[in-house]
Amino acid sequence: MVIVDDDKGLLQLMDRWLTAAGYTTELYNEFEAARVRVSADAPDVLITDVRLGAYNGLHLVVMAKLRKPGIKAVVLTGFDDHVLQHDALNAGAAFLLKPVTAERLLEAVEPTRAKA
C-alpha cells in the first residue's frame with residue numbers, strides 16, 4: 001500500500017492506523033517520488049492527497065490504474081469540491097474529505113468493513 005501526502009503528520013497518522021489494521025505501507029510526502037514508485041510497480045492500494053505541491057494526486061491514480069486496473073485508490077482532500085469528487089470517482093477512486101478518521105479510511109480501503 002502506497003500513501004502519499006505532503007502533510008507529514010497526517011501521513012504518519014494514516015500509517016499508524018493502517019499498520020495497526022495489518023497493512024504494509026510505503027510513505028511518500030512528495031509527488032515525484034510517488035510517481036517514480038507508481039510508474040515502476042503500481043501497488044494494490046494507493047491513498048493520495050489531491051494537492052501535492054504543484055502536482056495533482058489524481059495523476060498518480062490515473063498512472064496506477066493504467067499499470068494495474070484493479071488497484072484500490074483513495075483520494076483525500078480538504079476541499080469540498082464537487083468537480084474534484086466527480087473527477088476522482090471517474091478515475092475509479094474513492095473520495096474522502098479531510099479531516100479523515102481511521103474508520104472512514106479503513107472503510108474506503110476495505111469496503112467489507114463498512115457498516116451494513
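Note that the numbering runs from 1 along the sequence shown for the chain.
- Counting heavy atoms from C-beta on, the side chains of Leu46 and Val4 come closer than 4.5 Å.
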Could you go through residues 11-20 and list every donor-acceptor pair under 3.5 Å that involves a side-chain atom there, pairing it with any protein atom two or more places apart or in another chain?
{"residue": "Asp15", "atom": "OD1", "partner": "Thr25", "partner atom": "OG1", "Å": "2.3"}
{"residue": "Thr19", "atom": "OG1", "partner": "Asp15", "partner atom": "O", "Å": "2.8"}
{"residue": "Thr19", "atom": "OG1", "partner": "Arg16", "partner atom": "O", "Å": "3.3"}

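- Applying the salt bridge (Lys or Arg N to Asp or Glu O under 4.0 Å) criterion to Arg51, with sequence neighbours excluded, gives no partner residue.
- Contact between Phe95 and Ala88 at its shortest, heavy atoms only, is CD1-CB, 3.9 Å.
- Asp49 meets the side chain to side chain contact (heavy atoms under 4.5 Å, CB included) test with Asp5, Asp6, Leu52, Lys98; sequence neighbours excluded.
- In this structure, the side chain to side chain contact (heavy atoms under 4.5 Å, CB included) partners of Val36, at least two apart in sequence or on a different chain, are Glu32.
- Sorted by first and then second residue, the ring-ring contact (aromatic ring centres under 6.0 Å, His included) pairs involving residues 32-51 (not counting sequence neighbours) form an empty list.
- Partners of Arg104 under the salt bridge (Lys or Arg N to Asp or Glu O under 4.0 Å) rule, at least two apart in sequence or in another chain, are Glu107.
- Applying the salt bridge (charged side-chain N to carboxylate O under 4.0 Å, His left out) rule to pairs touching residues 19-31 yields Glu26-Arg37, sequence neighbours excluded.
- Val83 shares a hydrophobic cluster with no other residue; no ILVMFWY side chain has heavy atoms under 4.5 Å from its own.
- Not a single side chain to side chain donor-acceptor pair (under 3.5 Å) links Thr77 to another residue, sequence neighbours left out.
- Note on residues 84-97: pairs passing side chain to side chain donor-acceptor pair (under 3.5 Å), not counting sequence neighbours, are His86-Asn90.
- In this structure, Ile47 is a member of the same hydrophobic cluster as Leu96, with clusters built from ILVMFWY side-chain heavy atoms closer than 4.5 Å.
- No donor-acceptor pair closer than 3.5 Å links the side chain of Lys72 to the backbone N or O of Ala94.
- Atoms CG and CE, on Leu58 and Met63 in that order, are 11.0 Å from each other to the nearest 0.5 Å.
- Connection of Ile3 to Leu60 is not established within any shared hydrophobic cluster, with ILVMFWY side chains joined at heavy-atom distances below 4.5 Å, either directly or through further cluster members.
- Hydrophobic clustering of Ile, Leu, Val, Met, Phe, Trp and Tyr side chains at less than 4.5 Å, counting indirect connections, unites Leu27 with Leu106.
- Both Leu97 and Val50 are members of a single hydrophobic cluster when ILVMFWY side chains are connected at heavy-atom separations under 4.5 Å.
- Sorted by first then second residue, the salt bridge (charged side-chain N to carboxylate O under 4.0 Å, His left out) pairs that include residues 52-70, not counting sequence neighbours, are Asp44-Lys68.
- Using a 4.5 Å cut-off between side-chain heavy atoms of Ile, Leu, Val, Met, Phe, Trp and Tyr, with links allowed through other members, Val62 and Val38 fall into different hydrophobic clusters.
- A ring-ring contact (aromatic ring centres under 6.0 Å, His included) check over residues 35-60, counting only residues at least two apart or in different chains, returns the pairs Phe31-Tyr55.
- Across Ala93 and Val74, no two heavy atoms sit closer than the pair CB-N, 4.4 Å.
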